[in-house]
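Quick note: residue numbers are just sequence positions, from 1.
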Amino acid sequence: MSSSSSSVVRVGVGVLIRDPLNPTKVFAGIRQNSHGSNTLALPGGHLELGETWEQCAIRETLEETGLQLCPNSVRFGHVTNDIMEKEGKHYVTIFMMGECQCEVTRPKNLEPHKCAGWESFSWDDLCSLAAARKDDCRSGGDDDEDVSPRLFGPLLKLVEEVPPNVVRFFNGR
């Protein structure tokens, strides 16, 4: 097998950043101009050579939102194996969880060409979005009529797998 970019499994890091003004919610935004365009995703990106998962989570959060995470709060949440057949991509996505250093800072959209902006969502919000998409698929609904965002594949898989430590994180623990 060749090592072309289409045949290589990539490592992505998604960051569950607790909203300091609403500690049962995390920040997410609508992706633009990339695979998974027009889907709701967490801040994150590719793990760089020699980088720890924690370093990647801190770097991506700062680059995309301007938020500084407390380094000692950044911890492993879950991992998903994401095969994106339509896009011809395969990712292993590592979900990290963390807290903001400043309790009143709001995320900025520092990459408007990649994200429509940041809002905060609870676990129940994400579960509702996942369930609505499943209901829409079963009923053969028209995507153009749906006003709720779809979840980016790795985030959808995270919600479907219901990892206990991620659910605890959303519950403020």
Side-chain angles (χ1 to χ4, degrees), residues 1 3-19 25-48 51 53-54 56-57 59-61 63-65 74-98 107 109-167 169-170:
M1 180 182 281
S3 63
S4 72
S5 63
S6 63
S7 66
V8 174
V9 177
R10 309 275 322 254
V11 178
V13 174
V15 190
L16 295 153
I17 306 165
R18 191 186 315 275
D19 181 342
K25 294 186 174 188
V26 299
F27 296 113
I30 302 294
R31 292 173 63 91
Q32 299 180 143
N33 303 315
S34 181
H35 72 282
S37 193
N38 297 316
T39 60
L40 187 69
L42 301 170
H46 294 108
L47 185 68
E48 294 182 355
E51 192 173 46
W53 300 350
E54 294 83 0
C56 182
R59 176 184 55 77
E60 288 288 353
T61 296
E63 286 176 3
E64 295 182 13
T65 70
V74 180
R75 60 197 183 277
F76 174 77
H78 192 64
V79 65
T80 58
N81 184 37
D82 305 297
I83 301 167
M84 304 169 192
E85 290 182 20
K86 285 183 183 175
E87 295 92 348
K89 296 180 184 291
H90 185 173
Y91 276 81
V92 170
T93 306
I94 301 160
F95 291 92
M96 300 297 288
M97 307 179 296
N109 189 5
L110 298 180
E111 296 182 335
H113 57 289
K114 293 182 181 179
C115 178
W118 302 108
E119 294 182 38
S120 59
F121 296 83
S122 69
W123 180 254
D124 288 342
D125 294 335
L126 297 177
C127 289
S128 294
L129 291 169
R133 182 51 54 188
K134 280 187 176 181
D135 289 345
D136 187 48
C137 288
R138 278 195 284 266
S139 69
D142 185 352
D143 283 351
D144 294 338
E145 294 174 13
D146 189 3
V147 294
S148 62
R150 293 177 305 147
L151 300 182
F152 183 49
L155 181 55
L156 176 61
K157 196 161 197 178
L158 174 79
V159 170
E160 290 173 342
E161 293 180 1
V162 195
N165 57 329
V166 171
V167 174
F169 181 76
F170 272 94

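Nearest approach of G117 to N109, heavy atoms of both residues: N-ND2, 3.4 Å. Of all non-hydrogen atoms in L42 and G14, the two that sit nearest each other are CD1-C, 4.4 Å. The two residues F169 and G98 make their nearest non-hydrogen contact at CZ-O, 3.6 Å. Here the shortest heavy-atom pairing between L129 and S148 reads CD2-CB, 3.6 Å. Minimum heavy-atom separation, L126 to F121: CD2-CB, 4.0 Å. Of all the heavy atoms in P107 and W118, the pair that sits closest is CG-CB, 3.7 Å.
Between D124 and S122, the side chains place no donor N or O within less than 3.5 Å of an acceptor N or O (distance only, hydrogens not considered). A donor-acceptor pair shorter than 3.5 Å cannot be found between the side chains of D125 and S128.
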CA sep, side-chain torsions, deciding dist, call: F152, L158, side-chain contact (heavy atoms from CB on, under 4.5 Å):
CA-CA 10 Å; F152 183 49; L158 174 79; over 6 Å; no
Give the C-alpha distance, both sets of side-chain angles, the deciding distance and a yes or no for side-chain contact (heavy atoms from CB on, under 4.5 Å) between I30 and L40.
CA-CA 4 Å; I30 302 294; L40 187 69; 4.0 Å; yes
Trace of the side-chain contact (heavy atoms from CB on, under 4.5 Å) decision for R10 with H46:
CA-CA 8 Å; R10 309 275 322 254; H46 294 108; 3.5 Å; yes
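The backbone N or O of E111 sits nowhere less than 3.5 Å from a side-chain atom of E64 that would complete a donor-acceptor pair. Of the possible polar contacts, none joining the N33 side chain to the K114 backbone as a donor-acceptor pair under 3.5 Å is found.
Here D19 pairs with R106 under the salt bridge (Lys or Arg N to Asp or Glu O under 4.0 Å) rule; sequence neighbours left out. In this structure, E161 has no salt bridge (Lys or Arg N to Asp or Glu O under 4.0 Å) partners at least two apart in sequence or on a different chain. Contacts of E51 classified as salt bridge (Lys or Arg N to Asp or Glu O under 4.0 Å), with partners at least two apart in sequence or in another chain: R59.
The local environment of CD in E54 is crowded, with over 12 non-hydrogen atoms from other residues, nucleotides or ligands closer than 6.0 Å.
Here the side chains of N165 and M97 are in contact, with some heavy-atom distance below 4.5 Å. Side-chain contact between T65 and F27 is absent, with no heavy atoms from C-beta onward closer than 4.5 Å.
Separation of atoms NZ (K89) and CG (D82) is listed at 13.0 Å; rounding is to 0.5 Å. Note that NZ of K25 and CD1 of I17 are 15.5 Å apart. Values are rounded to the nearest 0.5 Å. With rounding to the nearest 0.5 angstrom, the CD atom of Q32 is 7.5 Å from the CG atom of N38. I94 CD1 to L47 CG: the interatomic distance, rounded to the nearest 0.5 Å, is 6.0 Å. Put simply, CE on M96 and NE2 on H78 are 13.5 Å apart, with the number rounded to the nearest 0.5 Å. A distance of 10.0 Å separates OG1 of T61 from CG of L16, quoted to the nearest 0.5 Å.
Using cut-offs of 30° and 60° for the angle between ring planes, the H35 and Y91 rings count as parallel.
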